[in-house]
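The structure presented is a predicted model; accordingly, all values stated were derived computationally and were not measured. Below, read A as the first sequence line, B as the second, and so on, with proteins coming before strands; counting in each chain starts at 1. Side-chain atoms are counted along with the backbone in the values below, which use heavy atoms only and exclude waters and symmetry mates.
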There are 2 protein chains.
Amino acid sequence: MRLLIVEDEQRLALSLARGLRAEGYAVDVVHDGLEGLHRAGEGAYDLVLLDIMLPGMNGYRVCATLRAAGNEVPILMLTAKDGEYDEAEGLDTGADDYLTKPFSYVVLVARVKALLRRRGRSAAPVLRVGALAVDQGARRVERDGTEVALTAKEFAVLEQLALRAGEVVSKAEILEHVWDFAYDGDVNIIEVYVSALRRKLGAGHIVTVRGAGYRLVAGA
Amino acid sequence: MRLLIVEDEQRLALSLARGLRAEGYAVDVVHDGLEGLHRAGEGAYDLVLLDIMLPGMNGYRVCATLRAAGNEVPILMLTAKDGEYDEAEGLDTGADDYLTKPFSYVVLVARVKALLRRRGRSAAPVLRVGALAVDQGARRVERDGTEVALTAKEFAVLEQLALRAGEVVSKAEILEHVWDFAYDGDVNIIEVYVSALRRKLGAGHIVTVRGAGYRLVAGA
DNA sequence: CCTCCACGATCAACAGGCGCATGGACGAAG
DNA sequence: CTTCGTCCATGCGCCTGTTGATCGTGGAGG
């Protein structure tokens, strides 16, 4: 994990750098706004600690410029509550969090860790089968990167097949997991949904295994 | 954010509940250790305030039992410094923090916020989803840099969605985290608040996923 | 190779449910 | 007393789940 500190107060910058290095981070320090903008723009950092009062270019503008350029690096603003700048103003420019000076060192480390953790928590369970991507969390399905609109039941059926991709899933098992256990209707209902899925996803994904059930395959 | 207070002193419990509700939290109160254990075990709470001297089962055992069951809900112990119990003992049993009675109300709120921030799913106070910035600490929301005035409940609902941005959050889950257990009304209430949020934030942020819930998306 | 049968696919139509919006009741706070 | 936030009830519109009928298809047996 590599951090960039943009802070013109020498003592504060050095003390922060030392502390964060002790936490195991690689830390670079610059003292000028413009310099900070260039460094952060390189894309080599996992997080930027950005002071507001800076020579060259102030922190707000650095942050806003980065965001305008599409740079999404996590930014933790260090604001001084001296009345000149509003503490919440950092929100406007696209910072992910802000700390008001003076702050405790423990709090800073906690925030840094929190931001880094947040960034990396994209462990969403997405099932991939061939050209299909089934996002369980978002309840979305994509084929070749384009979203396919499914209804709740359609999604539920596809989800069952995707959870056991390649295996044959019997209609009884699908009924069991997708429908209420009290359901006593016709098994034909599954055929109806498989049909709808084929229409929306295109043929070739769901293979019929006569007398056994269905199988979701990778083939186009 | 939903909190559980396990405290047998009626006056203290009620005064805490009132104060925390004023901070925008949904608060449930129980007066018995066993009852508290069961409630906390449901997994619907974001934090538990746990007194030590309790009828039914004392706070240490409640805490230890929860932890033994793999429950990781943040626990703030309320210890009475009367010599009988050691204040550090609470930490041994798996509590995340402890407060010694009598404590100031301000300190309590600060600790609660700190714990929620530290242990919460997303530890950073500013949640960004597309053009929206949800500041958990300040309970403020901005869209494209301009503040949007929300009521407490509106904010709480949006906060839940923002905490799991991109994922589908069911109405049941929203109810669980935003409303008290004393609430037994209609699910329609959530639709009312989503409607209000859409009016204030503009359409396109909160997407309805029929039969599943709502999803907060980055798109305009 | 043809026929028949059983299983599966698809379609159209209907009814109920789900979500949305609105107006107003109730209570708390100023 | 007024105002605001919260909550409830109602009606409406559209989507969705389900059904039954009809058509297609694969396999076994003659």
Side-chain angles (χ1 to χ4, degrees), chain A residues 139 141 148-161 168-172 174-175 177-215, chain B residues 2 14-15 17-27 139 141 148-161 168-175 177-216:
Chain A
R139 301 195 92 71
V141 173
V148 180
L150 297 184
T151 73
K153 278 275 191 294
E154 285 165 0
F155 181 88
V157 170
L158 179 61
E159 186 182 27
Q160 285 306 313
L161 293 172
V168 173
V169 186
S170 76
K171 298 185 188 178
I174 297 175
L175 262 189
H177 284 108
V178 176
W179 274 265
D180 227 70
F181 66 96
Y183 180 82
D184 64 341
D186 200 338
V187 197
N188 169 255
I189 206 150
I190 294 180
E191 295 157 12
V192 171
Y193 280 98
V194 169
S195 173
L197 284 171
R198 282 183 178 140
R199 179 161 30 85
K200 292 187 175 180
L201 300 173
H205 296 290
I206 303 177
V207 176
T208 305
V209 182
R210 226 154 208 270
Y214 297 97
R215 185 175 53 194
Chain B
R2 195 165 158 199
L14 288 180
S15 112
R18 186 184 310 161
L20 289 167
R21 285 198 183 107
E23 294 285 331
Y25 300 111
V27 182
R139 305 197 88 71
V141 173
V148 179
L150 296 184
T151 71
K153 279 279 191 292
E154 285 165 0
F155 182 89
V157 170
L158 180 61
E159 183 183 30
Q160 286 306 312
L161 292 172
V168 171
V169 186
S170 76
K171 297 185 190 181
E173 290 170 314
I174 297 175
L175 261 189
H177 285 278
V178 176
W179 274 266
D180 303 333
F181 68 61
Y183 179 83
D184 66 339
D186 202 335
V187 200
N188 170 256
I189 193 85
I190 294 178
E191 294 158 14
V192 171
Y193 278 97
V194 168
S195 177
L197 283 170
R198 283 186 178 138
R199 186 163 11 95
K200 292 187 176 180
L201 301 173
H205 296 291
I206 303 177
V207 177
T208 304
V209 183
R210 217 157 215 271
Y214 296 97
R215 183 176 55 197
L216 192 64

Using side-chain contact (heavy atoms from CB on, under 4.5 Å), reason through Lys171(A) and Glu191(A) one step at a time and then give a plain yes or no.
CA-CA 9 Å; Lys171(A) 298 185 188 178; Glu191(A) 295 157 12; 2.7 Å; yes
Is there a side-chain contact (heavy atoms from CB on, under 4.5 Å) between Ile174(B) and Val194(B) once you walk through the steps?
CA-CA 11 Å; Ile174(B) 297 175; Val194(B) 168; 5.7 Å; no
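Between Tyr193(B) and Leu158(B) there is no side-chain heavy-atom pair separated by less than 4.5 Å.
The residue Ala196(A) sits apart from the nucleic acid: no heavy atom pair falls under 4.0 Å. No engagement by Arg199(B) is indicated, since no non-hydrogen atom pair under 4.0 Å with the nucleic acid exists. Residue contacts for Val194(B): at a heavy-atom cut-off of 4.0 Å it reaches no nucleic acid atom on any strand shown.
Position along DNA chain D of the nearest nucleotide to Arg210(B) versus Trp179(B) favours Trp179(B) as the more 5'-ward residue. Both Leu150(B) and Asp186(A) lie close to DNA chain D; mapped to their nearest nucleotides by heavy-atom distance, the more 5′-ward contact belongs to Leu150(B). Residue-to-nucleotide proximity on DNA chain C shows that, of Gly213(B) and Arg18(B), the 5′-proximal contact is made by Gly213(B).
Rounded to whole angstrom, the span from the CZ atom of Phe155(B) across to the C1' atom of dT6(D) amounts to 18 Å. Taking atom CD on Glu191(B) and atom P on dT6(D), their separation rounds to 18 Å, with Å as the unit. Following rounding to the nearest Å, Ile189(B) (CD1) and dT6(D) (P) show an atom-to-atom distance of 9 Å. Look at NZ on Lys153(A): it is 15 Å from C1' on dT19(D), rounded to the nearest Å. Remark: C1' of dG5(D) and CZ of Arg21(B) are 16 Å apart, rounded to the nearest angstrom.
Each end of the helix from dC1(C)-dG30(D) to dG30(C)-dC1(D) gets its own axis from five base pairs, and the two axes differ in direction by 30°, given to 10 degrees.
Between the side chain of Glu173(B) and the backbone N or O of Ser170(B) there is at least one donor-acceptor pair closer than 3.5 Å.
For Tyr193(B), a side-chain nitrogen or oxygen approaches OP1 or OP2 of dC7(D) to under 4.0 Å. Residue Thr151(A) places at least one side-chain N or O closer than 4.0 Å to OP1 or OP2 of dG17(D).
Salt bridge absent: Glu23(B) and Arg139(B) never bring a charged side-chain N and a carboxylate O closer than 4.0 Å. Taking a cutoff of 4.0 Å between a charged side-chain nitrogen and a carboxylate oxygen, Arg21(B) and Asp180(B) qualify as a salt bridge.
In this structure, the nucleotide among dA21(D), dT6(D), dT18(D) sitting nearest to the side chain of Asn188(A) is dA21(D).
Under the side chain to side chain contact (heavy atoms under 4.5 Å, CB included) rule, Tyr214(A) has a single partner from Leu197(A), Val207(A), Ile190(A), Val157(A), which is Ile190(A).
Taking all atoms of both residues into account, the shortest heavy-atom contact from Lys200(A) to Glu154(A) is NZ-OE1, 2.9 Å.
With a heavy-atom cut-off of 4.0 Å to chain A, the contacted part of DNA chain C has its first and last nucleotide at dC7(C) to dC11(C).
Tyr25(B) pairs by the ring-ring contact (aromatic ring centres under 6.0 Å, His included) definition with nothing, not counting sequence neighbours.
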